[in-house]
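In what follows, a structure is listed as structure tokens, so that the remarks can point back to it.
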Amino acid sequence: MGIIAWILIGLLAGIIAKLLLPGKDPGGIIVTTLIGIAGGLLGGWLGKVIFGVDSIDGFFDLSTWIAAIVGSLILLIIYRLLTRGKRHRS
């Protein structure tokens with residue numbers, strides 16, 4: 001897959017992750033996209049390590065989207081834990 005496909009999957013996976021974990025997060029669409037892209041890579045890597053499958057096959061494969069969303073959820077939770085105390089500062 002090309003970089004444009006990764007950016008698109010990352011954007012959508014990040015948005016889906018935020019919908020699945022509602023709440024206020026610091027950062028906007030750029031942070032969501034970066035978390036999504038990194039989450040897709042993390043999900044693909046975890047799929048290979050844990051299950052021994054190539055979970056990043058193509059843009060329309062279900063395994064690609066599941067890997068990207070799960071990876072995005074993991075990174076969004078970590079991001080929230082790291083920035084939890086920083087949201088209330090002025």
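Everything quoted here is computed from the prediction, not taken from an experiment. Throughout, residue positions are numbered sequentially from 1 according to the sequence presented.
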_Non-neighbouring partners of Ile37 that pass side chain to side chain contact (heavy atoms under 4.5 Å, CB included), sequence neighbours left out_ = Ile7, Thr33
*Any donor-acceptor N/O pair, Arg80 side chain to Leu75 backbone, under 3.5 Å*: no
*asked:* Rounded at 0.5 Å granularity, tell me how far CG in Leu21 sits from OH in Tyr79.
replied: 14.0 Å
_For Ser72 versus Gly36, what's the shortest heavy-atom pair and its separation?_
OG-CA, 3.3 Å
*asked:* For the CG atom of Leu73 and the CD1 atom of Ile35, what is their distance to the nearest 0.5 Å?
replied: 10.5 Å
*asked:* So, using side chain to side chain contact (heavy atoms under 4.5 Å, CB included) as the criterion, who are the partners of Ile16 when residues are at least two apart?
replied: Leu20, Ile69
